[in-house]
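Okay, structure first, notes after.
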Amino acid sequence: MAEISLTLPDQSVRVVPAGTTGREVAESISQGLARKAIAYKLGDKTLDMALPIPASGEFRIITPSNEDPDALYVLRHSCAHVLAEAVCDLFPGTRLAYGPPVEEGFYYDLASPKPISGDDFPAIEKRMAEIIKENRPFTRCEVSSEEGLRRTEGDKYKNDNAVRAITRGDSVISFYATGAPGTNWEDLCAGPHVPSTGYLKAFKILSVAGAYWHGDQTSDQLTRIYGICFADKAGLESHLTFLEEAKKRDHRRLGKELDLFHIEDHSPGMVFWHPKGAHLYNALRNHVRNVISKRGYLEVITPEIVDKSLWIKSGHADKYNENMFITRSGDREMAVKPMNCPCHIEIFNQGLKSWRDLPMRLAEFGKCHRNELAGTMHGLMRVRGFVQDDAHIFCTEDQIASEVRDFCTLVRDIYADFGFQIAKVKFSTRPEKRIGSDELWDKAEQALSEATAAAGLETILNPGEGAFYGPKLEFVLKDCLGRDWQCGTIQVDFNLPIRLGATYVGQDNQKHHPVMLHRAALGSIERFCGILIEEYAGDFPLWLAPTQVRVLPISEKFSEYAEKVRSTLSESGIRVEVDGSNEKIGYKIRQGEQHKIPYLLIVGEKEAQSELISVRKRKDGDQGQVSLDEFMNVFKLCTPDTNRS
RNA sequence: GCCGAAGUAGCUCAGCUGGUAGAGCAGCUGAUUUGUAAUCAGCUGGUCGUAGGUUCGAUUCCUAUCUUCGGCUCCA
């Protein structure tokens, strides 16, 4: 075929001779566009400007833009090459492994002859800036797969990459030289890249860390250097500001500043909740309690330490052993529970259950302990001791769909109470390490799949990531900084009820095993607290704020009136304290603002005489004088439901 | 668990190549009695993560270990 037709973004169609390059098309549109262009897109494939357009289709010229993921992808990929070249220059003997762009920037995995640290960043960045200033072209060079293998011979990582590309079905292997092939630095790479290094206008190296070759723990340990690249300086600056903002919101920092919790060296991954943090924790728990009790859940309480025999029966001793804390009582080996499910089955098993009892929804704010690998802990987000807002729904197969649907509604509602939405739902299927027959897994996955369809849920497949007893849905929410958090989950389990002998008498007067749905909406209270601390940056909404009001007497002369205000508010159930310190009002206000207290009430001579208070709202400042009764109206609307739309 | 970095007063941090530690804030005491984001002065406070080792002498050098941080992996 001698011609190809391209559909441009404005839906106009352009017919060009076969073999026309992206650059030629750009030039035919405008010289300015051709100058700015960094790559072109045909369908869902992004290609170098210099490459002939391989076929007809949707066609788009990519120009640098912080809003265009395709543009950022190309810029970051090219920037990764420049980083790698700079490191090779500065650390001779460096062997390169893999350097892709990622959503948050790019990285390059490499093995350097000596360790690279943050101290080396300025030198690396300087060298990168030089390479960019030289404005050398990215030159693509394609060779046959045999030639590709020959060229990478002896280079463990690159050869492996080439082998993988060939296994994937690539017929040619491409290399990119930054400049002239054979003279300048080059790297095995599929591309695409910007036309030349000068297109990289704004970059920064962010961090260095270890990573495994192919993410395999048993394989080589590599050095991973993270960087970021944007279309322009403004984009880079705003991203750096974003990182600063995230740092300021870090729940570990705020937890200390706001006196919410701490973690001790002697109990890694276990949280000591201080009074203010414990309030937050209990408020969350009580909120969930209110929500689920209206939806037919029954709360139970079960032991935290259970004899090993139960864990053997349930399969935990076999499939979950390395995560369990083992303890001993005389000759008995016990384990601290990592999950509540076996205990809930034990409750279900008490007495004879009828089909009329189903669905039975047993809930527990059960404290679980999991001996997570050292090095995986992270503040409240990943701990070893935590409470789930857990429940197990015992039901029939016919009830799975409606229970899954109801739970989705519950998750949606409860996220909305905090201003969150479900960002996506992942569908995790059978893992390698599992109990139960494949037939049972087929059935469970099928049932969950049908239930999600019935609930109208779009899911993303997450193969091999299910629980060891059943497939699961994972509800992911996005916080105000756009970060994903996995919180809620529901899992379909045909296995544990069988293993632990749970039965009910059906309408046919026969005994049947119920299906068990494991589910949690917030996930762990600890993690959810961490997410909320970061989401609100410590500025908790009134209903959650550990201290809602602080009364600030102008001087000690008005401490009596301040105390009267405090006790009146306190009797109405408002969480209030008095700052009776011998400080000037400016200092007390500063303290109150720093402690992120929603309302500061200033009381001095004027207020004491007129029986009023001066209200100062967090962040908004002076609100003027009002009566106490009027002020207390604010708290009548102070419930999570006001967040729900 | 793996790679890299770090651990000094309640907090944030300084302390060059070895000679037993400093600042700011916080705390305490006193003065001041204050009107919308820091009043002043004085004082207290650390066996420098832990355990060994080298040395006349270790916060500093070495080894081990624990914890934290950044990642990998894993996950609620």
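Protein chains get the first letters and strands the later ones, always in sequence-line order, with residue 1 at the start of each.
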Spacing of the P atoms in B/C3 and B/A9 (rounded, Å): 29 Å

Counting the atoms with a prime plus P, OP1 and OP2 as sugar-phosphate, which does A/Y226 contact under 4.0 Å by heavy atoms, base, sugar-phosphate, or nothing? sugar-phosphate

To the side chain of A/E605, which of B/G35, B/A76, B/G71 is closest? B/G35

Which is true for A/I589 with a 4.0 Å heavy-atom rule: it touches a base, it touches only sugar-phosphate, or it touches nothing? base

A/K588 atom NZ, neighbour heavy-atom count above 12 within 6.0 Å: yes

State whether the number of non-hydrogen atoms from other residues, nucleotides or ligands found under 6.0 Å of A/E322 atom CD is greater than 12. yes

Relative to the 5' end of RNA chain B, which residue comes earlier, A/D622 or A/R382, by the nucleotide with the nearest heavy atom? A/D622

I'd like the P distance from B/U29 over to B/U54, given in whole Å. 48 Å

For atom C1', what is the distance between B/C75 and B/G18, given to the nearest Å? 46 Å

Using only heavy-atom distances, decide whether a donor-acceptor pair under 3.5 angstrom links the side-chain of A/R253 to the base of B/C11. no

Is the closest side-chain heavy-atom distance between A/V551 and A/E577 below 4.5 Å? no

A/Y320 vs B/C75: side-chain N/O to OP1/OP2 distance below 4.0 Å: no

Are the aromatic ring centres of A/F528 and A/F418 under 6.0 angstrom apart? yes

cation_pi(A/R519, A/F407) dist<6.0 Å, angle<=45: no

Would you please confirm or rule out a distance under 4.0 Å between OP1 or OP2 of B/A38 and any side-chain N or O of A/K588? no

Heavy atoms only, 4.0 Å cut-off, all strands: where does A/C368 land among base, sugar-phosphate and nothing? nothing

Between B/C40 and B/U60, how far apart are the two C1' atoms, rounded to whole Å? 39 Å

Is it true that a side-chain atom of A/R76 and a backbone atom of A/C229 form a donor plus acceptor pair closer than 3.5 Å? yes

Please state how far atom NZ in A/K584 lies from atom P in B/G35, giving the value in whole angstrom units. 7 Å

Take atom C1' in B/G19 and the same atom in B/A58, then report the distance between them in whole Å. 10 Å

In whole Å, measure the gap between the P atoms of B/C11 and B/A37 for me. 29 Å

Should A/K619 be listed as having a side-chain N or O under 4.0 Å from OP1 or OP2 of B/A37? no

Round to the nearest Å and state the distance from A/Q486 atom CD to B/A76 atom P. 6 Å

When the distance from CG of A/L222 to P of B/U73 is rounded to whole Å, what number comes out? 12 Å

To the closest 0.5 Å, what do you measure between CD (A/E465) and OG1 (A/T429)? 8.0 Å

For the pair A/R289 and A/D389, find out whether any cationic side-chain nitrogen is under 4.0 Å from an anionic carboxylate oxygen. no

Base-pair map of RNA chain B as dot-bracket, where | denotes pairing with a different strand and pairs are Watson-Crick or G-U under 3.5 Å: (((((((..((((.....[..)))).(((((.......))))).....(((((..]....))))))))))))....

Would you mind classifying the nucleic acid contact of A/E593 as base, sugar-phosphate or nothing, using non-hydrogen atoms under 4.0 angstrom? base

From CG of A/D109 over to P of B/G4, roughly how many Å is that when rounded to an integer? 15 Å

Working to the nearest 0.5 Å, report the span between CZ of A/R566 and OG of A/S559. 12.5 Å

Spacing between A/L600 atom CG and B/A37 atom P, to the nearest angstrom: 11 Å

Nearest to the side chain of A/K557 - B/C75, B/U34, B/A37? B/U34

For the rings on A/H518 and A/Y469, is their centre-to-centre separation under 6.0 Å? yes

Which pairs, protein N/O on one side and nucleotides 25-31 of chain B N/O on the other, fall under 3.5 Å?
from, atom 1, to, atom 2, distance (Å)
B/A26, OP1, A/Y587, OH, 2.6

Less than 6.0 angstrom separating the ring centers of A/Y281 and A/F261, yes or no? no

Does any donor-acceptor pair link the side chain of A/E607 with the base of B/G35 at a separation under 3.5 Å? yes

Show the distances under 3.5 angstrom between N or O atoms of the protein and N or O atoms of nucleotides 65-69 of chain B.
from, atom 1, to, atom 2, distance (Å)
B/U67, O2', A/D265, OD1, 2.5
B/C69, OP1, A/R252, NH1, 3.0
B/C69, O3', A/R252, NH1, 3.4

Interatomic distance where CD belongs to A/Q625 and C1' belongs to B/G35 [whole Å]: 10 Å

Using a cut-off of 4.0 Å on non-hydrogen atoms, how would the nucleic acid contact of A/E465 be classed: base, sugar-phosphate, or nothing? sugar-phosphate

Select base, sugar-phosphate, or nothing to describe what A/R224 touches, counting heavy atoms under 4.0 Å on all strands. sugar-phosphate

Looking for any heavy atom pair under 4.0 Å, which part of the strands does A/S614 touch: base, sugar-phosphate only, or nothing? base

Atom pair distance, as rounded to whole Å: CG in A/D579 and P in B/G35: 15 Å

Which part of the nucleic acid, if any, lies within reach of A/G604 when heavy atoms closer than 4.0 Å are counted: base, sugar-phosphate only, or nothing? base

Does A/Y98, at its OH atom, have more than 12 non-hydrogen atoms belonging to other residues, nucleotides or ligands within less than 6.0 Å? no

C1' spacing across the pair B/U36 / B/U67, given as an integer number of angstrom: 43 Å

Could you check whether any side-chain heavy atom of A/I602 comes within less than 4.5 Å of a side-chain heavy atom of A/I613, counting everything from C-beta outward? no

Nearest heavy atom decides the nucleotide; on that basis, is A/I602 or A/K472 closer to the 5' end of RNA chain B? A/I602

Rounding to a whole Å, what distance do you find between A/D250:CG and B/U12:P? 12 Å

Provide the distance between the two C1' atoms, one in B/A6 and one in B/A14, to the nearest whole Å. 16 Å

Tell me if the centroids of the rings in A/F468 and A/H316 come within less than 6.0 Å of each other. yes

Under 6.0 Å between the ring centres of A/F475 and A/F420? no

Return the nearest nucleotide to the side chain of A/K256; candidates are B/A37, B/U12, B/U33. B/U12

